[in-house]
Amino acid sequence: MQRLSLTQSLQQKLSPQQIQFIKLLQIPTAELETRIEEELEINPALEEGLDTDFEEPNADDPYTDDYDDQDYKERNDEMDLGSYLNEDDYSGYKMQGDGNYAEEDREMPVANRSTLTDTLLQQFGYLNLDERQEDIGMQLIGSIENDGYIRRSMQAIVNDLAFSHGIFTDTEELEIVLKRIQTFDPPGIAARSLQECLLLQLQRKDPSDPAVPLAIRIIEDLFEEFSKKHYDKIQKRLNISEEQLKKVISIITKLNPKPGSVEGEDSAVQYLIPDFILTNNNGKIELTLNSRNAPELRISRSFAEMLDTYEKSDKNNRSLKETVSFVKQKLDAAKWFIDAIKQRQATLLKTMNAIVKFQYDFFLEGDETKLRPMILKDIANLIDMDVSTVSRVANSKSVQTEFGIYPLKYFFSEGIATDSGEDVSSREVKNILKEFIDHEPKGNPLSDDKLEKMLNERGYNIARRTVAKYREQLNIPVARLRKQL
């Protein structure tokens, strides 16, 4: 016998406008221009520029996290064009930026330097391949990530070639071309795993050196033992002396685990562009938003005026009616985009102002000990916004200060209580933890239990599991893996 039951649940559905705002909010300044260019390409109703008779809005206007898209509800079938034909609706829009970047500085110089892909393509050109193999090779090179690895499976690349280029191949043919690419510089390029990357580099070493064949054997057959630093097992399996093992380990540890980083970390070299600029004006901290966050955008007048033609024409013309529907859709999309950019700027300023207020002592002197414990919820409560909104700002933005450029997430840390009852930043605890590990005996590293006791002796009430968490956040391996010969 089946039992029927009713359940009730609440769901929050985001509108397309809210989704657009969220996506714009989380991208950094360096990517904003590219995103705007994309929108300009796909929407003819959106233009660059500024109407001289349009007054700039105040960036300090109050803004709530609840995105209000009431003005952009779908129009009825009668196509009321009044709001579209109002001149105010397609006037220009310019946002408040900062005064530190002159107009001529908007085009940031890009270093003239070959990227990893450029270097590989140049070498690829010297291979004597037929047209089919060239297409396969280009697909493989395109699959190489910034660190030099191919992480897509060979079968997935086979499928890519079939769907995108109409080339039907198999993994065996792919492997043949891949082996040619793996002979390129930098050594280890186009590897599919760390193990393969190290082997590719070792195979280029002088085989007359007796340590090289041993190193290859360790990576091929004893990679798990090597990764776990079980040197005693390796020594026993290979039946070699401790001195020989030291030479072999020395060769392996000098290999490059990320060969792509030799040539470049990104497809294009860019300067780091801070989202905010902080200045100390005689003891008063002043915050400005990078002017690159203040694009000049407007609704196209000529595009909007198309609707005027419709008003004077035969409204029963089906083809014309469909055209007008398209025009209205693009005009709405342009309005939504401009409004989302405006709200992005207001949210950035509001969030950063709250961070400056919370960490004011640090921004005055740059003294790390002045950083107060601060979590996302602290800022969210200050500005009456959702924690997820603050998180999107903090995770992708940076600020330029007199002491350097800092990612916003640098200023967030939980609090740790000391024996005296004082609440200190977890960053301070991490610094002490790193200091302990830096000065530990290399042959007998400190365990998490020992580190916990040492921190407790310093007056920090911290548990072993928290020590392990902080150690992992510092990218420091467990004691066993830190052991050195």
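Worth knowing before you read on, the calculation uses all heavy atoms, side chains too, and leaves out hydrogens, waters and symmetry mates.
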Beyond-backbone contact of I437 with L451, side-chain heavy atoms, under 4.5 angstrom: yes

query: Would F358 and F411 count as a close aromatic pair, with their ring centres under 6.0 Å?
result: no

- prompt: What distance do K430 atom NZ and R471 atom CZ have between them, rounded to the nearest 0.5 Å?
  reply: 12.5 Å

message: If you define the side chain from C-beta out and look only at heavy atoms, does anything of P274 sit under 4.5 Å from Y406?
response: no

Side chain proximity check, L32 to I341, heavy atoms < 4.5 angstrom: yes

- prompt: Do the side chain of S396 and the main chain of Q26 share a donor and acceptor less than 3.5 angstrom apart?
  reply: yes

- prompt: Hey, is R392 close enough to D386 for a salt bridge, meaning N to O under 4.0 Å?
  reply: no

- prompt: Is there a salt bridge (Lys or Arg N to Asp or Glu O under 4.0 Å) between K434 and D438 once you walk through the steps?
  reply: CA-CA 6 Å; K434 188 175 184 304; D438 286 344; 3.1 Å; yes

field: Whether D275 side chain and T29 backbone form a donor-acceptor pair below 3.5 Å
entry: yes

- prompt: So, E402 side chain and T279 main chain: donor-acceptor pair closer than 3.5 Å or not?
  reply: no

query: Are any non-hydrogen side-chain atoms of N146 and K258 less than 4.5 angstrom apart?
result: no

query: Restricting to pairs with a member in residues 279-299, which pass ring pair (Phe, Tyr, Trp, His ring centres under 6.0 Å), not counting sequence neighbours?
result: none

task: Could you please spell out the steps behind the salt bridge (Lys or Arg N to Asp or Glu O under 4.0 Å) verdict for D185 and R204?
output: CA-CA 11 Å; D185 287 327; R204 298 201 196 185; 2.8 Å; yes

message: Taking I285's backbone N and O only, do any of them form a donor-acceptor pair with Y360's side chain (distance below 3.5 Å, no angle check)?
response: yes

- request: With sequence neighbours excluded, tell me which residues meet side chain to side chain contact (heavy atoms under 4.5 Å, CB included) with Q139.
  value: I157, D160, L161, H165

- request: Identify, with sequence neighbours excluded, every residue that meets side chain to side chain contact (heavy atoms under 4.5 Å, CB included) alongside K453.
  value: none

message: Determine whether a donor-acceptor pair (N or O, by modelled atom type, separation under 3.5 Å) exists between the side chain of T347 and the backbone of Q343.
response: yes

- request: For side chain to side chain contact (heavy atoms under 4.5 Å, CB included), just list the numbers for I379 and M385, CA-CA rounded to whole Å, side-chain angles, deciding distance to a tenth of an Å, and then say yes or no.
  value: CA-CA 8 Å; I379 300 302; M385 285 188 183; over 6 Å; no

task: State whether the side chain of R464 and the backbone N or O of D448 hold a donor-acceptor pair below 3.5 Å, judged by distance alone.
output: no

- prompt: If you measure from CG on L481 to CD1 on I476, what distance do you get to the nearest 0.5 Å?
  reply: 12.5 Å

field: Contacts of Q359 that satisfy side chain to side chain donor-acceptor pair (under 3.5 Å) - sequence neighbours left out
entry: none

Pairwise side-chain contact, Q155 with V158, heavy-atom cut-off 4.5 Å (strictly under): yes

query: By salt bridge (charged side-chain N to carboxylate O under 4.0 Å, His left out), which residues pair with E134, not counting sequence neighbours?
result: none

message: Applying salt bridge (Lys or Arg N to Asp or Glu O under 4.0 Å) as the test, list every pair that has at least one member in residues 35-44; sequence neighbours left out.
response: R35-E39

task: Give a yes or no on whether the backbone of K229 and the side-chain of R480 come within a donor-acceptor separation of less than 3.5 Å.
output: no

query: For the side chain of Q400 and the backbone of I277, is there at least one donor-acceptor N/O pair under 3.5 Å apart?
result: no

query: Are the side chains of M154 and L178 in touch, meaning some heavy atoms are under 4.5 Å apart?
result: yes

Salt bridge (Lys or Arg N to Asp or Glu O under 4.0 Å) evaluation trace for E440 with K450: CA-CA 11 Å; E440 70 186 0; K450 179 63 176 173; over 6 Å; no

query: Is the number of heavy atoms from other residues, nucleotides or ligands under 6.0 Å of M454 CE greater than 12?
result: yes

query: Any side-chain heavy atom of F276 sitting closer than 4.5 Å to one from L289?
result: yes

- prompt: Any side-chain donor paired with an acceptor under 3.5 Å for E435 and N431?
  reply: no

task: Could you tell me how the ring of F184 sits relative to the ring of F124: parallel (under 30°), tilted (30 to 60°) or perpendicular (over 60°)?
output: perpendicular

Side-chain heavy atoms of L25 within contact of L348, under 4.5 Å: yes

- prompt: Looking only at atom types and distance, does a side-chain atom of D339 sit under 3.5 Å from a main-chain N or O of K335, one as donor and one as acceptor?
  reply: no

- request: Could you tell me whether a side-chain N or O of E286 sits under 3.5 Å from a main-chain N or O of N281, the two making a donor and an acceptor?
  value: no

query: Can you tell me how far CG of L40 sits from OG of S300, rounded to the nearest 0.5 angstrom?
result: 11.0 Å

